[in-house]
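A short write-up of the structure that comes next.
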Amino acid sequence: MNRVATTLLTALAPVSWGSTYAVTTEFLPADRPLFTGLARALPAGLVLLALARRLPRGAWWWKAATLGLLNIGAFFPLLFLSAYRLPGGMAAVVGSVGPLFVAGLAVALLGERPTLRTLLTGVAAALGVSLVVLKAAGALDAVGLLAALASTASMSAGTVLTKRWGRPEGVGPLALTAWQLTAGGLLIAPVALLVEGAPPALDGRAVGGYVYLALANTAVAYWLWFRGIGRLTATQVTFLGPLSPLTAAVIGWAALGQALSPVQLAGMALAFGATVFGQLGARPGALPATRFPGPRDGVRDGVREGAREGAGGGVPRTAREDLARATHQGRTDAARH
C-alpha cells in the first residue's frame, strides 16, 4: 500500500507537467523559452530554499549544480523550445522514450541490468510515441523535435544520477529539490540575458501563467518527483513519464480543439498501457530504500578496504585480533554466569 501511495503521488508530477504546453502556448509570451525556463525554476527554487533552510555542503555543491543542470538548467529551455515549435501533444509525447534512456544509463551508473520486460515495455512506450508523432510528421518542426528528444535525455540522466547519489544525511527531498531548482535557474539566467535580452513586458494573463508554472507545476511537482526517485526504482519512476503526454493530449483536445486521429488515440492507449505495465514490473521487496550517505560511510569503506588487503579469509589483522578478544571475553562472561 505504501508503494502504491508513493507511485500515485509521484504520478501527480508528470500529470502536472502535461499542462505545461497548454499554459506555455496560451498564456506566455511567444518565443521566450529561456526566460520562461528561468521564471519557472528560480522563483520556485528560492521559495523551497527558504522553506528548507539548508544549503549544500562539501561535494554536494558540485553534485547539486550537476543535477540542477541536467534536471533544470538544460531541461527547461529545451522543453520550452520544443513547446513553442511543436503542438502540445506532439511535444509532450516524445518524453515517453525516457524509459529507454534510463534503462541504458542505469546499466552504467546504477549497475542495473534491464530486464526483457523493461525493454519490451520501453519499446511499447516508444511505439506509442511513434504512432502519435508520425501521424503528423508533415507538421513537425525538426528543431522542436530534436529539442524534445534532448530534453528527455537530459532529464533521464538527471533521474539516474539523482538515484545514484541519493541525498546527504539528514537532508530531505524538499532541500534537494530547492538546490536543483535554484542552481538550474542561476545557470539559465546569464544565457537568457545574452540570448533573449531584457525580460518581456507581462500582462496579467502571463503573470498568472508564470505563477502557476513556478508553484504548482514546478515547486510542488518536482518535490513529489524527487521524493519518488528516493523511494522507487529509477526505471519505475521514469515509466510514469507517459502520463505527461497523455495529459497534454487530453488538454489539447478538450481545451484547445486539437483533433486526435484513431491512430493517435491508439498510440496514447499504448503509452498508457506501458506506464501501468512498468509499475507492475517492480517487486515490492526489491525496491531500494533511500540511502543517506553520512560520516560513517568512510568507516565502512575503510573496513572494506582493509578486508581486501588483509590475510586470513580477507579479514585484516586488527579485525581478527578484535574478534578474538571479543570472543574470548564472551566465553569468559558466559562461564561466570
Side-chain angles (χ1 to χ4, degrees), residues 6-28 36-37 40 44 71 75-76 78-80 82-99 121-122 124-133 135-136 144-145 147-149 151-152 155-156 159 208-228 232 236-261 263-279:
T6 299
T7 302
L8 292 176
L9 285 175
T10 308
L12 293 177
V15 168
S16 173
W17 297 335
S19 66
T20 302
Y21 300 92
V23 173
T24 300
T25 56
E26 298 300 314
F27 290 85
L28 306 185
T36 299
R40 182 184 176 187
N71 289 325
F75 175 68
F76 277 10
L78 291 169
L79 176 70
F80 285 110
S82 66
Y84 281 121
R85 302 182 72 104
L86 295 177
M90 301 304 153
V93 78
V94 178
S96 62
V97 302
T121 307
L127 180 59
V129 171
S130 300
L131 291 177
V132 177
V133 174
K135 181 63 178 179
L145 185 58
L149 288 171
S151 67
T152 302
M155 184 68 169
S156 299
T159 298
Y210 282 125
V211 169
Y212 166 77
L213 289 181
L215 297 181
N217 189 265
T218 300
V220 175
Y222 270 89
W223 171 70
L224 291 173
W225 184 254
F226 291 127
R227 176 181 177 272
L232 305 172
Q236 189 180 17
V237 171
T238 196
F239 266 119
L240 295 173
L243 292 177
S244 178
L246 291 177
T247 304
V250 171
I251 293 176
W253 168 75
L256 305 180
Q258 296 175 353
L260 292 173
S261 69
V263 175
Q264 290 173 308
L265 290 174
M268 294 295 179
L270 187 58
F272 180 76
T275 298
V276 175
F277 200 69
Q279 306 311 308

Looking at F272, I want to see if its CZ is surrounded by more than 12 non-hydrogen atoms of other residues, nucleotides or ligands under 6.0 Å. no
Distance-only, no hydrogens or angles: does the S151 side chain make a donor-acceptor pair with backbone N or O of A148 under 3.5 Å? yes
State which residues pass ring-ring contact (aromatic ring centres under 6.0 Å, His included) with F226; sequence neighbours excluded, sorted by chain then number. Y222
Extract all donor-acceptor atom pairs below 3.5 Å that involve side chains of residues 214-221 and protein atoms in other chains or at least two apart in sequence.
unit_1	atom_1	unit_2	atom_2	d
N217	OD1	T20	OG1	3.2
N217	OD1	R40	NE	3.2
N217	OD1	R40	NH2	2.6
N217	ND2	S16	O	2.8
N217	ND2	S16	OG	3.3
N217	ND2	T20	OG1	3.2
T218	OG1	R40	NE	2.6
T218	OG1	L213	O	2.5

Between the OG1 atom in T159 and the CG atom in N71, the distance rounded to the nearest 0.5 Å is 5.5 Å
Using the side chain to side chain contact (heavy atoms under 4.5 Å, CB included) criterion, which residues pair with L8? Sequence neighbours excluded. V4
Under the rule for side chain to side chain donor-acceptor pair (under 3.5 Å), what residues qualify as partners of T247, not counting sequence neighbours? none
How close do T6 and L232 get, counting heavy atoms only, and between which atoms? CG2-CG, 4.0 Å
Under a 3.5 Å distance rule, please check whether S19 uses its side chain to pair with a backbone N or O of V15 as donor and acceptor. no
Would W225 and M155 count as a side chain to side chain contact (heavy atoms under 4.5 Å, CB included) if you check the C-alpha gap in whole Å, the side-chain angles of each, and the deciding distance to 0.1 Å? CA-CA 12 Å; W225 184 254; M155 184 68 169; 3.4 Å; yes
Between I251 and A22 the two heavy atoms that sit nearest each other are CG2-CB, 3.6 Å
Side chain to side chain contact (heavy atoms under 4.5 Å, CB included) partners for T275, two or more places apart: L240, P242, L243
In the structure I gave you, are the side-chain heavy atoms of Q236 and T7 within less than 4.5 Å of one another anywhere? yes
Mind running side chain to side chain contact (heavy atoms under 4.5 Å, CB included) on T36 and Y210 for me, showing each step along the way? CA-CA 8 Å; T36 299; Y210 282 125; 3.2 Å; yes
Tell me every residue that passes ring-ring contact (aromatic ring centres under 6.0 Å, His included) with F27, counting only those two or more places apart in sequence or in another chain. none
